[in-house]
S.K.: 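Dropping a structure here in structure tokens format, bear with me for questions.
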Amino acid sequence: SADAGNPEPLVPEGDQVNLVPRYAPAVNGVLYSTISSSGAPMVALFSLDSRKVTRLVPGMSAQADARGRMLYVTTGGAAIVQQLDPKRDTLVGAPRRIVDQVAISFGVAAHVSLAANGALVFQQRAGQGEGLVLVDRMGVVRSRLSLQGAAGGIAHPRFSPDGKRIAYVRSEATSGDRGTLNIYSISQGTSLRLTQDGMVADPAWSPDGRLIGYSLVANDSARAVLMERASNGSGPATRVMADTMDLWQMAFGAAPGDIVFRGGGSVNDLLRATVGRDTVPIPLLSTRAFEQHPAVSPDGRWLAYKSDE
């Protein structure tokens with residue numbers, strides 16, 4: 001639970017590494033990538049009803065829309081869509097190739113994000129042009145957001161809850177940027193820059209889409225703090241939490257002001273706080289393992305995260 005209680009291991013222990021959990025509402029389960037010591041990544045589904053794990057297909061970074069259409073990426077960088085069967089927790093129908101050349105980090109994590117309406121945004125592989133490509137569920141490229149001459153390109157694309165905007169981090173060596181936060185309007189085809197200085201990472205939308213949370217390492221600091229700003233650019237950015245450790249990967253909870261995030265440094269535990277009330281992070285999940293990438297379910301009852309336990 002994201003509010004309190006003891007953490008529950010969703011999958012049995014073994015020699016596998018489990019990455020990038022995403023809640024799939026159509027099947028009431030958690031999609032994730034699992035990698036054994038001797039194999040390629042596999043897409044797996046943990047059912048919150050039966051408590052069983054089903055290995056679905058070779059691939060990574062799986063996520064599904066409300067109708068159960070599952071997107072995943074192959075090790076070759078192809079984005080594939082296939083239907084989930086909620087009665088049997090399996091895939092049905094023929095897989096459909098949507099797009100190629102999706103960027104992949106470390107061979108196990110693809111740079112993709114799926115909107116609730118089925119639209120897809122992804123980062124292209126190096127050598128294919130730096131930018132975001134917006135693709136609809138039929139595989140038709142709707143728009144391209146290109147960064148000509150960008151050394152670092154763009155990363156961390158995140159759809160807004162209504163699917164109309166995309167938050168992303170942009171870096172350009174020519175301007176001295178270490179990573180700035182931007183909001184791209186799909187209908188207008190324009191970007192709004194929300195930060196001017198420092199290094200930004202891990203953008204996250206509030207459930208209502210009014211706020212953007214992110215981690216910031218200021219130019220005059222070596223410590224990452226948590227920030228938030230109105231997603232329309234109005235008003236200044238506000239620091240919501242700082243500590244003696246780096247703070248990363250903020251996720252908004254269902255209740256206003258609730259956030260979950262990762263403490264960095266030698267800690268690497270999950271912490272929580274209520275903005276405006278708590279002045280220091282509150283331990284949420286503290287173990288000897290490395291916990292990261294928290295994600296709170298829309299109803300606020302569940303917390304998914306990655307662990308090397």
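Sequence positions, counted from 1, serve as the residue numbers for this chain. Keep in mind that what you see is a predicted model, and the values were worked out from it rather than measured.
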S.K.: Sequence neighbours left out, what passes side chain to side chain donor-acceptor pair (under 3.5 Å) with Thr244? Give chain and number order.
M.R.: none
S.K.: Quick one: list whatever passes salt bridge (charged side-chain N to carboxylate O under 4.0 Å, His left out) with Asp278, sequence neighbours left out.
M.R.: none
S.K.: Could you pull out the closest heavy-atom pair between Glu291 and Tyr305, with the gap in Å?
M.R.: CG-CE1, 3.7 Å
S.K.: Run Val53 and Tyr32 through side-chain contact (heavy atoms from CB on, under 4.5 Å) and show every step you take.
M.R.: CA-CA 10 Å; Val53 173; Tyr32 62 98; 3.3 Å; yes
S.K.: Using a distance-only test with no angle check, is there a side-chain donor-acceptor pair under 3.5 angstrom linking Arg165 and Ser231?
M.R.: yes
S.K.: So how far is it from Leu114 CG to Leu71 CG, rounded to the nearest 0.5 Å?
M.R.: 5.5 Å
S.K.: Out of Leu271, Leu285, Val296, which residue meets the side-chain contact (heavy atoms from CB on, under 4.5 Å) rule with Val260?
M.R.: Val296
S.K.: Can you tell me which residue among Asp246, Leu226, Leu181 is in a side-chain contact (heavy atoms from CB on, under 4.5 Å) with Ser215?
M.R.: Leu226
S.K.: Hey, does the side chain of Asn182 reach the backbone of Thr180 with a donor-acceptor pair shorter than 3.5 angstrom?
M.R.: yes
S.K.: What heavy-atom pair brings Arg67 and Gln83 nearest, and what distance separates the two atoms?
M.R.: O-NE2, 2.9 Å
S.K.: Should Val112 and Gln63 count as side-chain neighbours, where that means a heavy-atom distance under 4.5 Å?
M.R.: yes
S.K.: Do Thr54 and Asp89 meet the criterion of a side-chain donor-acceptor pair at a distance under 3.5 Å?
M.R.: no
S.K.: Counting only N and O atoms by type, is there a donor-acceptor contact under 3.5 Å from the side chain of Trp248 to the main-chain atoms of Gly263?
M.R.: no
S.K.: Tell me, please, which residues at least two apart from Asp243 pass side chain to side chain contact (heavy atoms under 4.5 Å, CB included).
M.R.: Met245, Leu247, Pro281
S.K.: For the hydrophobic clusters of this structure (ILVMFWY residues joined by side-chain heavy atoms under 4.5 Å, transitively), does one cluster hold both Phe122 and Ile104?
M.R.: yes
S.K.: Members other than Ile80 in its cluster, when Ile, Leu, Val, Met, Phe, Trp, Tyr link by side-chain heavy atoms under 4.5 Å?
M.R.: Val27, Leu31, Val43, Leu45, Leu56, Val57, Met70, Tyr72, Leu84, Leu91
S.K.: Would you please name every residue forming a side chain to side chain contact (heavy atoms under 4.5 Å, CB included) with Arg88, sequence neighbours left out?
M.R.: Asp85, Thr90, Val92
S.K.: Could you list the residues that satisfy side chain to side chain contact (heavy atoms under 4.5 Å, CB included) with Pro25, not counting sequence neighbours?
M.R.: Tyr23
S.K.: Sequence neighbours excluded, which residues qualify as side chain to side chain donor-acceptor pair (under 3.5 Å) partners of Ser286?
M.R.: Asp269
S.K.: So, does Arg193 use its side chain to make a donor-acceptor pair with the main chain of Thr195 at under 3.5 Å?
M.R.: yes
S.K.: Checking Gln249 side chain against Arg262 main chain: does a donor-acceptor pair fall under 3.5 Å?
M.R.: no
S.K.: Mind checking what makes side chain to side chain donor-acceptor pair (under 3.5 Å) contact with Thr74, not counting sequence neighbours?
M.R.: none
S.K.: With rounding to the nearest 0.5 Å, note down the distance linking CD1 in Ile166 to CH2 in Trp205.
M.R.: 9.0 Å
S.K.: If you apply the rule side-chain hydrogen bond (donor to acceptor under 3.5 Å, both in side chains), what do you find for Asp299 with Ser297, and how did you get there?
M.R.: CA-CA 6 Å; Asp299 62 6; Ser297 64; 2.6 Å; yes
S.K.: State the CZ-CD1 distance between Phe252 and Ile212, to the nearest 0.5 angstrom.
M.R.: 7.5 Å
S.K.: CZ of Arg51: more than 12 outside heavy atoms within 6.0 angstrom?
M.R.: yes
S.K.: Does a side chain donor of either Thr274 or Asp258 reach within less than 3.5 Å of an acceptor in the other side chain?
M.R.: yes
S.K.: Mind checking what makes side chain to side chain contact (heavy atoms under 4.5 Å, CB included) contact with His156, not counting sequence neighbours?
M.R.: Arg158, Val169, Asp202, Pro203
S.K.: For the pair Arg229 (side chain) and Gly213 (backbone), establish whether a donor and an acceptor sit closer than 3.5 Å, ignoring hydrogens and angles.
M.R.: no
S.K.: Could you check if a side-chain atom of Leu284 sits within less than 4.5 angstrom of a side-chain atom of Leu303, using non-hydrogen atoms only?
M.R.: yes
S.K.: For Thr238 and Val240, indicate whether the former's side chain and the latter's backbone hold a donor-acceptor pair under 3.5 Å.
M.R.: no
S.K.: Using the test salt bridge (charged side-chain N to carboxylate O under 4.0 Å, His left out), find all partners of Arg22 that sit at least two apart in sequence or belong to another chain.
M.R.: none
S.K.: Kindly write out the residues that satisfy side chain to side chain donor-acceptor pair (under 3.5 Å) with Gln292, not counting sequence neighbours, or none if the list is empty.
M.R.: none
S.K.: Which pairs with one or both residues in residues 207-219 pass salt bridge (Lys or Arg N to Asp or Glu O under 4.0 Å), sequence neighbours excluded?
M.R.: none
S.K.: Can you hop from Ile98 to Met60 via hydrophobic side chains spaced under 4.5 Å?
M.R.: yes
S.K.: So does Asp100 pair up with Arg97, basic N to acidic O under 4.0 Å?
M.R.: yes
S.K.: How about Ile186 and Phe159: do any of their side-chain heavy atoms sit closer than 4.5 Å?
M.R.: yes
S.K.: Are Phe261 and Leu211 connected in a single hydrophobic cluster, I mean Ile/Leu/Val/Met/Phe/Trp/Tyr linked by side-chain heavy atoms less than 4.5 Å apart?
M.R.: yes
